[in-house]
Structures are given as structure tokens and as C-alpha cells.
Amino acid sequence: MRTLLHGRFGMQPLLRLLQDGQFHSGEELGAAIGVSRAAIWKRLQALEAEFDLSIHKVRGRGYRLEAPLSLLADDALGLPSVWPVTLLQQVDSTNAEALRRLASAAVPPFLVIAEQQTAGRGRRGRSWVSPFGENLYYSLVLRITGGMRQIEGLSLVVGLALLHTIRGAGVTDVGLKWPNDLLVGGRKIAGILLELSGDPADVCHVVIGIGVNINMRVAAGDVIDQPWTSIRQILGAQIDRNRFVSDLSLQLEHYLELHRRDGFAALREQWEANHLWQGRAVSLAAGVQSVDGCVLGVDDSGALRLDIDGSERVFSGGELSLRLRDDS
Ligand code: BTN
């Protein structure tokens with residue numbers, strides 16, 4: 001596992017110059033970072049290999065990225081100062097990195113963000129496709145002091161914060177799907193993976209992992225095993241990811257505070273109002289077993305309420321998966 005720190009190997013300054021997607025001559029790039037023209041080509045080749053980027057070289061014009069990027073920069077993130085941030089260029093998974101930092105005595109709250117994940121984790125053992133510089137891979141670590149009550153409904157509340165951030169970016173028709181997917185037109189735009197460390201009855205920490213498809217283009221589509229979209233695909237324009245991160249942090253700070261103070265019950269109505277599958281006929285699967293029912297909503301702990309043959313049943317658990325029934 002490797003974590004490249006910001007600016008190490010001088011990669012970052014070069015990418016920063018190229019992120020506009022315009023041509024830059026070898027001479028200009030060399031002068032800007034203080035190396036020869038020949039060294040520039042070597043470094044660009046290393047960048048291509050390291051981050052799976054495509055850099056075009058045209059005689060007489062110079063170099064340009066195949067597509068512009070909006071790179072993250074710690075000085076542009078504008079995060080609430082309560083959450084110190086570590087910005088990595090590449091990591092296996094920001095959740096895994098956050099858990100390692102916890103294990104080596106880092107003190108929460110803190111935030112780990114990366115430009116690329118090589119082994120991004122999704123729910124139910126799935127992987128999360130995480131190309132360099134296009135999306136958001138964000139893990140916030142919090143200490144849980146209020147026992148189970150502080151965890152109940154937490155992932156749904158994070159969904160609300162994310163919903164408002166994505167709407168604020170201009171995607172008005174984004175909605176929630178229980179427990180914590182964000183969809184636009186039936187396609188996934190963001191996901192949330194909570195991982196606990198410790199015992200909720202004693203000392204416990206939660207890693208709130210958030211993945212958002214921000215500027216992902218069509219190219220990665222063939223390796224994603226479910227319908228997906230990105231903010232860029234919907235709006236037809238590249239999004240400023242630094243701005244998105246700071247908006248998300250502000251929304252999270254707000255919603256986490258409401259949840260800490262009043263619990264999920266106070267946000268339940270708002271969550272249901274944004275639930276895309278309220279009243280729909282669904283199948284709920286746990287492994288190979290499944291039940292059919294109609295979505296009534298969620299309870300005060302964030303568990304799913306289904307009407308099954310006229311009686312209400314309640315379901316919770318990270319391994320559950322909800323699908324619309326074909327006849328719905
Ligand atoms: C899902 O399956 O919907 C959850 C996806 C969560 C992905 C995010 S990206 C940042 C964090 N690090 C990970 O490895 N996973 C989460």
C-alpha cells in the first residue's frame with residue numbers, strides 16, 4: 001500500500017500547471033518547476049503511469065492532459081477548522097487510511113481525502129471505482145460518545161448533508177434511496193460507507209466514507225457494475241471540487257450537529273420527503289433471501305419500514321439491499 005503525500009516527487013506542481021487541459025511547452029513547464037525539458041517528458045510519463053492519466057504530446061505545441069482536471073488543494077478547501085485534513089494523492093482507500101490513522105493514535109475528528117483510490121471500498125464488499133482527480137473520496141472520523149443513539153440513523157443523516165450539497169451544485173433532481181445511496185434518474189451519483197472501530201458501549205469511532213461522482217467521464221463506465229452518473233454528466237460542465245468539498249463539510253457540520261442534539265427522529269420527516277422510493281413496491285434482499293413489500297418509510301432509528309401483506313415490519317443492517325420490484 002502506498003500513500004503519496006502532497007507534492008512528493010514534484011508531481012503535483014506539474015499536474016497543477018497542466019490541469020487546465022491546454023497545451024504547455026516543455027520549456028515553459030521546465031522553467032516553472034526548475035528542471036530540463038528532457039526531464040519534463042520523463043516526469044510526465046511517470047505521471048501517466050502512476051495516476052492512469054493520458055497526456056498528449058504534440059510537436060511544436062507541447063503537452064496537454066486529455067481532459068482538464070479540477071485538482072484539490074489544501075489551501076483552497078476552505079474546511080471548517082474543527083476538522084484537520086490530510087490530502088493524499090493516492091491511497092488504497094480513504095476509509096482504510098482513516099482506520100490506520102486511528103490505530104496509530106490520531107485524534108478525531110479528522111478528515112482524509114484523496115485524489116485517487118486504488119482499492120476503494122463500497123457497501124456489501126463491492127469495490128468503488130476511484131479514478132484520479134475526477135471524483136471525491138472523503139473520510140471523516142468522529143469519536144462516538146453518546147452510545148448507539150449517536151450512531152442510529154447517522155448514515156441517513158450523512159445522506160441528507162450530501163443531498164443538499166449535490167443540489168447546491170445544481171443537480172436539482174437528486175434523491176435518496178434507503179439506506180444511503182444518492183440517485184439521479186435511477187443512476188447512482190454518490191454512496192456512503194460507515195465503518196466502526198471499537199465498541200459503541202465503550203470507546204468507539206466511526207469513519208464516515210463518502211464517494212461522489214463529480215467530474216467522472218464516460219471512460220470509466222465499463223468497469224462499474226451498476227448504472228451511474230456524475231455531476232459533470234448531468235450539468236455538462238466541470239465542477240470545482242475544492243468548492244464542493246468545503247460545501248459538503250459545512251453541510252455535514254450542520255446535519256451532524258442536529259443529529260447529535262436531537263437524534264435521527266428530528267430529521268426523519270425531511271429524510272422521507274427526499275426518499276425516492278416512498279410508497280414503492282420493493283424487494284429487500286439479505287444474501288440469497290429476500291422479502292417483497294411496499295415502502296412505508298423509516299423509523300426513528302433509520303430502519304426501513306415495509307408493509308408486507310398488510311402488516312408492518314422493520315429492517316436494518318448494512319448488508320441489506322433494496323430493489324424496485326419489476327411490477328412496481
Ligand atoms: C457504496 O457502496 O455506495 C458506498 C461507497 C463509498 C465510497 C467511499 S469513497 C471514500 C471512502 N473510502 C472508501 O474506500 N469508500 C468510501
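The figures here come from the full heavy-atom set of this structure, side chains too, leaving out hydrogens, waters and symmetry mates. We're numbering straight along the sequence, starting at 1. Order of listing sets the numbers, starting from 1, for every ligand and every atom in it.
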Item to complete: Please determine if R305 and D299 form a salt bridge, counting it only when a charged side-chain N lies under 4.0 Å from a carboxylate O.
Response: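 No, no charged N to carboxylate O under 4.0 Å.
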Worksheet item: Do E195 and S197 come within less than 4.5 Å of each other through their side chains, counting heavy atoms only?
Response: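 No, side chains not in contact.
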Discussion item. Check for me whether the distance between the ring centres of H164 and Y255 falls short of 6.0 Å.
Written reply: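 Here the rings of Y255 and H164 have centres that are less than 6.0 Å from each other.
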Worksheet entry | Sub-6.0 Å ring centroid separation between Y137 and W128 |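 Centroid separation for Y137 and W128: 6.0 Å or greater.
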Within-cut-off N or O pair, [X] and ligand 1, under 3.5 Å:
X: Y137; answer: no
X: K188; answer: yes
X: Y138; answer: no

Should you measure from each heavy atom of [X], which atoms of ligand 1 turn up under 4.0 Å away?
X: W128; result: 1 (C), 3 (O), 5 (C), 7 (C), 9 (S)
X: R121; result: 5 (C), 6 (C), 7 (C), 13 (C), 14 (O), 15 (N), 16 (C)
X: I192; result: 3 (O), 4 (C)
X: N95; result: 11 (C), 12 (N)
X: G120; result: 14 (O)

Worksheet entry | Modelled atom types, side-chain donor and acceptor of N274 and R167, under 3.5 Å |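 N274 vs R167: donor-acceptor pair found between side chains.
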Item to complete: Identify, for atom 2 (O) of ligand 1, the protein heavy atom at the shortest distance, and state residue, atom and that distance.
Response: R123 N, 2.7 Å
Discussion item. Looking only at protein heavy atoms, which one is nearest to atom 13 (C) of ligand 1, and what is the separation?
Written reply: Q117 OE1, 3.4 Å
Fill in: Rounded distance [0.5 Å steps], CD in Q117 versus CG in N135
10.0 Å
Worksheet entry | Heavy-atom donor-acceptor pair, S93 side chain to G120 backbone, under 3.5 Å |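 Judged by distance alone, no pair lies under 3.5 Å.
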Practice prompt. Classify the contact between S130 and ligand 1 as side chain, backbone, both or neither, using a heavy-atom distance cut-off of under 4.0 Å.
Written response: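 Under 4.0 Å from ligand 1, S130 contributes no heavy atoms.
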Practice prompt. Describe, in one word, how the ring planes of Y63 and W41 are oriented to each other, choosing from parallel (under 30°), tilted (30 to 60°) and perpendicular (over 60°).
Written response: parallel
Worksheet item: So between D181, T94, V91, whose heavy atom ends up nearest atom 11 (C) of ligand 1?
Response: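 That would be T94.
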